Amino acid sequence: MIFAHRVGFVEPRQVRADLLSSVVEGARHIEFGTDEHFELWAPRAEQLRETLVSLGLFEKTLVLQVPWALVTVDGRHTPRSMGTSAAEANEAYLRYYEHLRTLGFPILELQPLGVLADPEHRWGLAPFHYTQDVYEEVVQRVLAGRDGDRG
């Protein structure tokens, strides 16, 4: 989430929660997925890559492309979250992941039909609250990639 403010751009995770409301007061929310958001985000992704390279961490970085689940384990459609459906979110994220690919970021990608939402998830039902199998697949694939790099 990015907010345009009179002194620049603010991402909420950059400030303490108790200061957030004063920081974004009067700011204009720039919706994720819009051209404006992407145009602000893309150079920051490039800066992140440069920073990771300079710190010797880029080769240890892995982007997880885990789509929002379209359905739950019992076959129901997942609910909208933050005003967005899983299909809309997955579509919006595509160009962000593609940009990271063009920057050379390695990406671990799960397919949309391979992820299911868990209605019994400890944080409740959401398209990004997955079944335990999804989390285990991510861990397994991360560890397999790491072990493969050693050989």
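This one's a predicted model, so the numbers in the text were calculated from it and none came from an experiment. Scope of the values below: all heavy atoms of this structure, side chains included, with no hydrogens, waters or symmetry mates.
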Contacts under 3.5 angstrom, residues 98-110 side chains, donor-acceptor by atom type, not counting sequence neighbours:
| residue | atom | partner | partner atom | Å |
| --- | --- | --- | --- | --- |
| H99 | NE2 | E46 | OE2 | 3.1 |
| R101 | NH2 | Q65 | OE1 | 2.8 |
| R101 | NH2 | E109 | OE1 | 3.0 |
| T102 | OG1 | H99 | O | 2.7 |

Whether F32 and Y93 hold their rings parallel, tilted or perpendicular, with breakpoints at 30° and 60°: tilted
[X] side chain near [Y] side chain, heavy-atom distance below 4.5 Å:
{"X": "W68", "Y": "S85", "result": "no"}
{"X": "R28", "Y": "E36", "result": "yes"}
{"X": "E31", "Y": "T34", "result": "yes"}
{"X": "R141", "Y": "L64", "result": "no"}
{"X": "V66", "Y": "V134", "result": "yes"}
{"X": "R76", "Y": "P119", "result": "yes"}

Residues in side chain to side chain contact (heavy atoms under 4.5 Å, CB included) contact with A126, at least two apart in sequence or another chain: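 A126: side chain to side chain contact (heavy atoms under 4.5 Å, CB included) contacts with F128, H129.
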Trace of the side-chain contact (heavy atoms from CB on, under 4.5 Å) decision for V71 with L116: CA-CA 6 Å; V71 296; L116 297 171; 3.5 Å; yes
E120 atom CD, neighbour heavy-atom count above 12 within 6.0 Å: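 Atom CD in E120 is not crowded, with 12 or fewer foreign heavy atoms closer than 6.0 Å.
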Q140 CD: over 12 foreign heavy atoms closer than 6.0 Å: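 At most 12 heavy atoms, drawn from other residues, nucleotides or ligands, come within 6.0 Å of this atom.
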Nearest atoms (heavy-atom pairs only) where A69 meets T78: O-OG1, 2.7 Å
Taking every non-hydrogen atom, the tightest pair across P127 and S81: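 Heavy atoms of P127 and S81 come nearest at CD-CB, 3.8 Å.
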Side chain R44, main chain L40, donor-acceptor under 3.5 Å: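 Yes; at least one donor-acceptor contact below 3.5 Å.
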Honestly curious: do [X] and [Y] fall in one hydrophobic cluster under the side-chain, below-4.5 Å linking rule?
{"X": "W123", "Y": "V115", "result": "no"}
{"X": "V138", "Y": "L113", "result": "no"}
{"X": "L70", "Y": "Y130", "result": "no"}
{"X": "L55", "Y": "F58", "result": "yes"}

Distance (rounded to the nearest 0.5 Å) between T61 OG1 and L52 CG: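 So the OG1 of T61 and the CG of L52 are separated by 4.0 Å.
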side-chain contact (heavy atoms from CB on, under 4.5 Å) evaluation trace for D35 with R95: CA-CA 10 Å; D35 290 341; R95 69 173 164 174; 3.0 Å; yes
